[in-house]
Amino acid sequence: MHTKTAAVFTQNNKRYDVEKIRNDFPILKTTVHGKPLVYLDNAATTQKPQYVIDKENNYYKKYNANIHRGVHALSQEATEAFEESRIIVKKFINALGKNEIIFTRGTTESVNLVASTYGRENINEGDEIIISHMEHHSNIVPWQMLCQEKNSKLRVIPINDDGELIFEEFEKMINKRTKFISVVHASNSLGTVNPVKKIIDLAHSHNIPVMLDAAQAVNHLPIDVQELDCDFLAFSGHKLYGPTGIGILYGKVNHLDAMPPYMGGGDMISKVTFEETTYNELPHKFEAGTPHISGAIGLGAAIEYIEKIGLENIARYENELLIYATEAVSDLTGLRIIGTAKEKISVLSFHFENVHPHDVGTFLDFEGVAIRTGHHCTQPLMKRFNIPATSRASFGMYNTKEEVDLLVAGLKKILEVFG
Ligand code: 7TS
């Protein structure tokens, strides 16, 4: 039996009050199949605090209007709230200016935007783009499509058996044909935190721009884009306790300025005639059409909520949960942890020798425990580990050691039934 680790303290030495946090999330009171919900699928999407739900609701209840185009009071109020969220995001990742913050539908759209604009403009025949073996499909396929179109080459940084990038191989891969690098900051399937600063520094010494997929990093690790010096960074609101359908593309202003627009339409123009169109200034050049206004407002609220607790406090607490859970499952017969990197976010992927992940997921669901099973949109990574899928428990700021115990109890029952 594993031992309980000590209470986690925040930076100012207060106890991390997980019960208080749980009370802010109405869905955590739900029951599933008659059992209290144990939600351990946070890498897929996080739950939303009442604060975020209220902020989104208030927009629809009190000042619903389209933005940027109305002189009437509601439109101005909506515009202000939308633009205030942009400023919240800017501060959250420490961007230089708010014109570097583009609202998109999420990480997937942000990567596609860069591949379709910067990529189409700058990648040519024979050029090379580097990604890693642990990318989510959304940071593989857009680059693959670009490579097919341009007759350029996609190169892949290999990983070791712990699920860490092999940096020396990356170093060897860089050559004068390398024109772009896009890597995941933290892996959704393994939990690995990549040495992104080291990657960026090396790439920049060869004048190669770097994009970071921060979908899984942004809610676990404080991010400072100026300190990292990344050229682009993408994340999704829904993994950050905010709404679905809204996300961010950060880009350095010099890149964004030089890039052609992604989509044409309203709001992204400054003047249109049938002969010619001139484009709006940043960030609006990349925000054609009516955006997800309530989503942007909700995302701003989610960041405010997180900042009240403190991302570093959350990260420390989640790390405790990860250590606790890793120790607890290590005793289980036939269980292999997939992703044993030294530095990890709170993602625990595993594979049972004799039980299919789908059975693990279904069985746990009947215990009220929600985990994710499958390839997690990282099929090449599954192939690397010679498995079709993993079972993945991923912890958020509101999970508890008692919930980890319920997961482990469920896994023990599975071993009794299937083992
Ligand atoms: N990149 C990473 C690292 C991700 O984990 C995900 C989503 C995406 C990109 C795509 O984000 P989206 O918001 O545009 O869909 N990951 C997962 C997951 O692990 N399970 O469900 C979605």
Side-chain angles (χ1 to χ4, degrees), residues 39-48 89 102-116 131-145 156-157 159 163 165 181-194 196 199 210-221 223 230 232-250 262 291-292 295-296 298-299 302 318 338-339 341 343-350 357-358 361 370-382 385 389-396:
Y39 186 77
L40 303 179
D41 194 16
N42 294 284
T45 198
T46 50
Q47 301 301 346
K48 321 304 170 200
V89 174
I102 317 287
F103 283 116
T104 64
R105 284 193 298 134
T107 309
T108 303
E109 190 176 58
S110 298
V111 178
N112 276 280
L113 191 162
V114 176
S116 306
I131 59 169
S132 85
H133 209 127
M134 65 177 87
E135 299 308 321
H136 186 278
H137 295 162
S138 64
N139 199 31
I140 302 175
V141 185
W143 303 115
Q144 209 167 41
M145 288 160 69
V156 181
I157 310 169
I159 58 173
L165 293 184
I181 296 166
S182 189
V183 286
V184 71
H185 193 158
S187 156
N188 64 321
S189 294
L190 304 169
T192 310
V193 177
N194 285 320
V196 287
I199 292 172
V210 180
M211 175 160 198
L212 296 181
D213 169 356
Q216 297 291 344
V218 76
N219 62 345
H220 299 289
L221 310 163
I223 288 179
C230 54
F232 298 99
L233 179 131
F235 64 90
S236 304
H238 69 98
K239 297 192 199 281
L240 192 61
Y241 307 96
T244 55
I246 188 79
I248 297 296
L249 170 67
Y250 157 81
Y262 180 45
H292 185 4
L299 173 55
E318 288 171 341
I338 309 294
E343 220 189 315
K344 281 179 71 173
I345 53 162
S346 49
V347 164
L348 182 64
S349 258
F350 53 89
H358 191 73
I371 64 156
R372 175 64 54 130
T373 58
H375 53 65
H376 318 296
C377 296
T378 53
Q379 284 180 355
L381 183 64
M382 297 297 114
F385 282 95
T390 77
S391 305
R392 181 188 70 185
S394 50
F395 309 108

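Because the structure is predicted, anything quoted here is derived from the model rather than measured. Remember, it's 1-based here, ligands and their atoms both numbered in the order they're listed. Values reported hereafter were calculated over all heavy atoms of this structure, with side chains retained and with hydrogens, waters and symmetry mates removed.
- Using a non-hydrogen distance threshold of 4.0 Å, E135 does not register as a contact of ligand 1.
- The side-chain heavy atoms of M382 and T390, taken from C-beta on, include a pair separated by under 4.5 Å.
- Remark: aromatic rings of H375 and H137 are close, center separation under 6.0 Å.
- Pairing each heavy atom of M211 with each of W143, the nearest pair is SD-CZ2, 4.2 Å.
- Looking at K239, R372, M134, H376 and measuring to atom 7 (C) of ligand 1, the nearest heavy atom belongs to K239.
- Not a single heavy atom of R105 sits less than 4.0 Å from an atom of ligand 1.
- When hydrogens are left out, the protein atom nearest atom 4 (C) of ligand 1 is H136 CD2, 3.4 Å; that is the closest non-hydrogen contact.
- Looking only at heavy atoms of the protein, atom 15 (O) of ligand 1 is closest to T108 OG1, 3.7 Å.
- Heavy-atom minimum distance, I246 versus G295: CG2-O, 3.6 Å.
- Side-chain contact between L240 and T46 is absent, with no heavy atoms from C-beta onward closer than 4.5 Å.
- The N188 neighbourhood of ligand 1 comprises atoms 5 (O), 16 (N), 18 (C), 19 (O), with distances under 4.0 Å to a heavy atom of that residue.
- Under a 4.0 Å criterion applied to the non-hydrogen atoms of V184, ligand 1 contributes the atoms 3 (C).
- For atom 9 (C) of ligand 1, the nearest protein heavy atom (residue, atom name, distance) is S138 OG, 3.1 Å.
- Only the side chain of S236 comes within 4.0 Å of ligand 1, judged by heavy-atom distances.
- Between D213 and ligand 1 there is a heavy-atom distance shorter than 4.0 Å.
- Scanning the protein heavy atoms around atom 5 (O) of ligand 1, the nearest turns out to be Q216 NE2, 2.7 Å.
- Residue contact check: A43 has heavy atoms under 4.0 Å from atoms 17 (C), 18 (C), 19 (O) of ligand 1.
- Contact check for V218 versus K239: no side-chain heavy atoms found under the 4.5 Å cut-off.
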Test log, rule side chain to side chain donor-acceptor pair (under 3.5 Å), inputs S110 and T104: CA-CA 6 Å; S110 298; T104 64; 2.9 Å; yes
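- H136 is not listed as a side-chain neighbour of V184, based on a closest heavy-atom distance of 4.5 Å or more.
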